[in-house]
Number of protein chains: 2
Amino acid sequence: MARAPRITVVEDEEALCLLLRYNLEAEGYLVETITRGDEAEIALRETVPDLLVLDWMLPGLSGIELCRRLRARRETGILPIIMLTARGEESERVRGLATGADDYMIKPFSTPELLARIRAMLRRVNPSLLLNVLSFSDLKLDREQHRVYRKERELKLGPMEFRLLEFLMQSPGRVFSRGQLLDNVWGPDIYVDDRTVDVHVGRLRKAINIGRSIDLIRTVRGAGYSFG
Amino acid sequence: MARAPRITVVEDEEALCLLLRYNLEAEGYLVETITRGDEAEIALRETVPDLLVLDWMLPGLSGIELCRRLRARRETGILPIIMLTARGEESERVRGLATGADDYMIKPFSTPELLARIRAMLRRVNPSLLLNVLSFSDLKLDREQHRVYRKERELKLGPMEFRLLEFLMQSPGRVFSRGQLLDNVWGPDIYVDDRTVDVHVGRLRKAINIGRSIDLIRTVRGAGYSFG
DNA sequence: TTTTTGCTGTCATGTAACTGTCATCCAGCT
DNA sequence: AGCTGGATGACAGTTACATGACAGCAAAAA
């Protein structure tokens, strides 16, 4: 499997939490589990995962309300959400979707089906997440082999440079602020200077723009960086 | 929603086709119905709707195969697809999703539920476009990519010009005083001369009115500026 | 163990781009 | 015309980014 997409599970039943974590990690995802709705809202303000599995009933803040609030924010407006509902009444199903969940599962549900839905949804939102080889122009990044090529010629990247490039290549053209890059590439709990990003982008540039190649990384003054 | 979303229904049962067309049109969608899989493939090469309702079993070309082919093409790679399946065996469900459908309904299904799912899915697809790209006439501003185009030609804007244009484009036609612009674009705690706005509007004008294009920014004497 | 090598984060410096102000010119209104 | 408010070019101060240098680590090699 490709580089792990991040999935956050918000579910108060301890047993189900463990089951989901076990299965999702077996599929190769990076999993974060949260048991309370209000805690989830705070956590999601920090970092946005690639997909959210959300229980309908939660202590602190109900799943449906959390969903509504997430949809109202730009950062999480299109975050894929799969809702877990206890009862299968149709009125509730419809309400769940109408609130902005992208899909729902009725408990008890089959784990393989949930995994299939997650895969389908991730592919729809950002196909790059599930690809093993990202390429753009004459640059190719192989996640499995941890190798990068520019025009058939292999490049030598440090670990940080590789991860930075990988992340940027997942959303070509999109501009990320230094804060976003630190969160997503360095990790949410790492506190380093914003300007460190500049240095690494510089190193990455030097590494991938061998010879006279055009610069594949764009600096957006006052905003951040983007690939392509 | 600005324009009526287009929905294509591919279904061979005449009665179901009529029922769906009737209900979807009542909701305000533009509906096209096709009864054969191979015909659908040809039609979808011409125009891509906003959403596709696709029967599992079809004459000419099966729904699952059509789905697979659509996913392979760039234009229809992320076209939202709701699959209609006759039997509800889980293996088939999973197969449907794994092929790339975004959702499915098991026949016989409840019409309100289908409508709710369509609504939810369109909201997810359309706002994502609407959220990130502002456009007016031949001017296009992409927030995510931080790029601005006039007639396919990319413009070079400074950070302030970009933010100013972004703000103005959010409410086309509305007039903002210099004070309002300072508050909203510069920030509430920034104290600069009112006349600074004039200069930036001037710079923005110069940047977006390349050549002989008509001026997209309107000066309202004694009141302020507006876009469009 | 010590030595070497490679990677990372911070800092200092240089530079190019951006910003705010002002003076001057111009257009619209009475 | 005369007045008022807006447009514009010039300019200096400031900001944000690029880059080279370097020390602290950690892993690999000797």
Side-chain angles (χ1 to χ4, degrees), chain A residues 146-148 154-168 175-210 212-227, chain B residues 146-148 154-168 175-210 212-227:
Chain A
H146 249 258
R147 289 174 194 270
V148 182
E154 182 169 0
L155 309 177
K156 198 185 156 305
L157 298 187
M160 220 60 196
E161 278 131 66
F162 184 87
R163 291 208 288 157
L164 179 58
L165 179 62
E166 181 188 14
F167 180 74
L168 287 173
V175 176
F176 295 98
S177 71
R178 292 174 175 72
Q180 286 176 309
L181 291 173
L182 287 176
D183 276 355
N184 288 287
V185 178
W186 273 255
D189 309 320
I190 308 289
Y191 298 102
V192 293
D193 195 289
D194 265 21
R195 291 288 144 205
T196 300
V197 176
D198 297 31
V199 178
H200 279 273
V201 167
R203 286 170 183 157
L204 180 55
R205 275 198 173 117
K206 186 179 286 183
I208 68 177
N209 298 330
I210 43 174
R212 232 165 262 282
S213 319
I214 47 163
D215 192 356
L216 285 171
I217 298 180
R218 179 171 58 118
T219 301
V220 181
R221 185 169 254 259
Y225 298 96
S226 87
F227 176 84
Chain B
H146 253 263
R147 290 179 193 269
V148 181
E154 183 169 1
L155 310 177
K156 200 187 154 301
L157 267 58
M160 219 61 195
E161 278 131 64
F162 186 89
R163 289 203 284 160
L164 179 58
L165 179 61
E166 183 186 11
F167 179 75
L168 287 173
V175 179
F176 295 98
S177 71
R178 291 173 177 73
Q180 286 176 308
L181 290 173
L182 286 176
D183 275 355
N184 287 287
V185 178
W186 273 254
D189 309 320
I190 308 288
Y191 298 103
V192 293
D193 195 292
D194 265 20
R195 291 287 146 202
T196 299
V197 176
D198 297 31
V199 178
H200 279 274
V201 168
R203 297 206 249 250
L204 180 55
R205 276 195 171 121
K206 185 179 286 182
I208 67 177
N209 299 329
I210 43 174
R212 236 165 259 283
S213 318
I214 48 163
D215 191 359
L216 283 172
I217 298 179
R218 184 169 53 113
T219 302
V220 182
R221 199 180 170 83
Y225 299 96
S226 87
F227 176 84

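These numbers come from the heavy atoms of this one structure, side chains and all, not from hydrogens, waters or symmetry mates. Owing to the predicted nature of the structure, the values given are computational and were not obtained by experimental measurement. First the proteins, then the strands, lettered A, B, ... as listed; each starts at 1.
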Which nucleotide in the set D:dC17, C:dT19, D:dG6 lies at the smallest distance from any side-chain heavy atom of A:Asp198?
D:dC17

Is B:Arg221 close enough to C:dA27 that one of its side-chain N or O atoms is under 4.0 Å from OP1 or OP2 there?
no

B:Glu161 CD to C:dT19 C1', in whole Å, measures 10 Å

Considering only NZ, NE, NH1 and NH2 on the basic side and carboxylate oxygens on the acidic side, decide whether B:Glu154 and B:Arg147 come within less than 4.0 Å.
yes

Just checking A:Phe167 against A:Phe227, ring centres under 6.0 Å apart?
no

At 4.0 Å (heavy atoms only), tell me whether A:Tyr191 reaches a base, stays on the sugar-phosphate, or touches nothing.
nothing

Between C1' of C:dC22 and CG of B:Asp194, the distance in whole Å:
15 Å

Apply the side chain to side chain contact (heavy atoms under 4.5 Å, CB included) test between B:Leu168 and each candidate in B:Asn184, B:Leu181, B:Val175; give the one that qualifies.
B:Leu181

Whole-Å distance, B:Arg218 CZ to C:dA27 P, equals 20 Å

With rounding to the nearest 0.5 Å, note down the distance linking CG in B:Leu164 to OH in B:Tyr225.
9.5 Å

Under 4.0 Å from OP1 or OP2 of D:dA18: is there any side-chain N or O of A:Tyr225 that close?
yes

On the nucleotide D:dA7, are OP1 or OP2 found under 4.0 Å from the side-chain N or O atoms that B:Lys206 carries?
no

Proximity to the side chain of A:Val192 - top-ranked nucleotide from D:dA7, C:dC18, C:dT10:
C:dT10

Over all strands shown, is B:Val199 touching base, sugar-phosphate only, or nothing at heavy-atom distances under 4.0 angstrom?
base

Rounded to the nearest angstrom, tell me the gap between atom CG in B:Leu181 and atom P in C:dG20.
13 Å

Whole angstrom is fine here: how far is it from CG in A:Leu157 over to P in C:dT8?
10 Å

Could you check how far CZ of A:Arg178 sits from C1' of C:dG9, rounded to whole Å?
15 Å

Round to a whole Å and report the spacing from CG of A:Leu164 to P of C:dT8.
11 Å

Report yes if at least one side-chain N or O of A:Thr219 is closer than 4.0 Å to OP1 or OP2 of D:dC17; otherwise report no.
no

Can a donor-acceptor pair under 3.5 Å be found between the side-chain atoms of B:Arg203 and the base atoms of C:dG20?
yes

Please report the distance, rounded to the nearest Å, between CG in B:Asp193 and C1' in C:dG20.
8 Å

For the pair B:Arg178 (side chain) and B:Val197 (backbone), establish whether a donor and an acceptor sit closer than 3.5 Å, ignoring hydrogens and angles.
no

For C:dG9, does either OP1 or OP2 sit under 4.0 Å from a side-chain N or O belonging to A:Trp186?
yes

Whether A:Arg195 contacts D:dC17 is assessed here as follows: a side-chain N or O lying under 4.0 Å from the phosphate OP1 or OP2. Is that the case?
yes

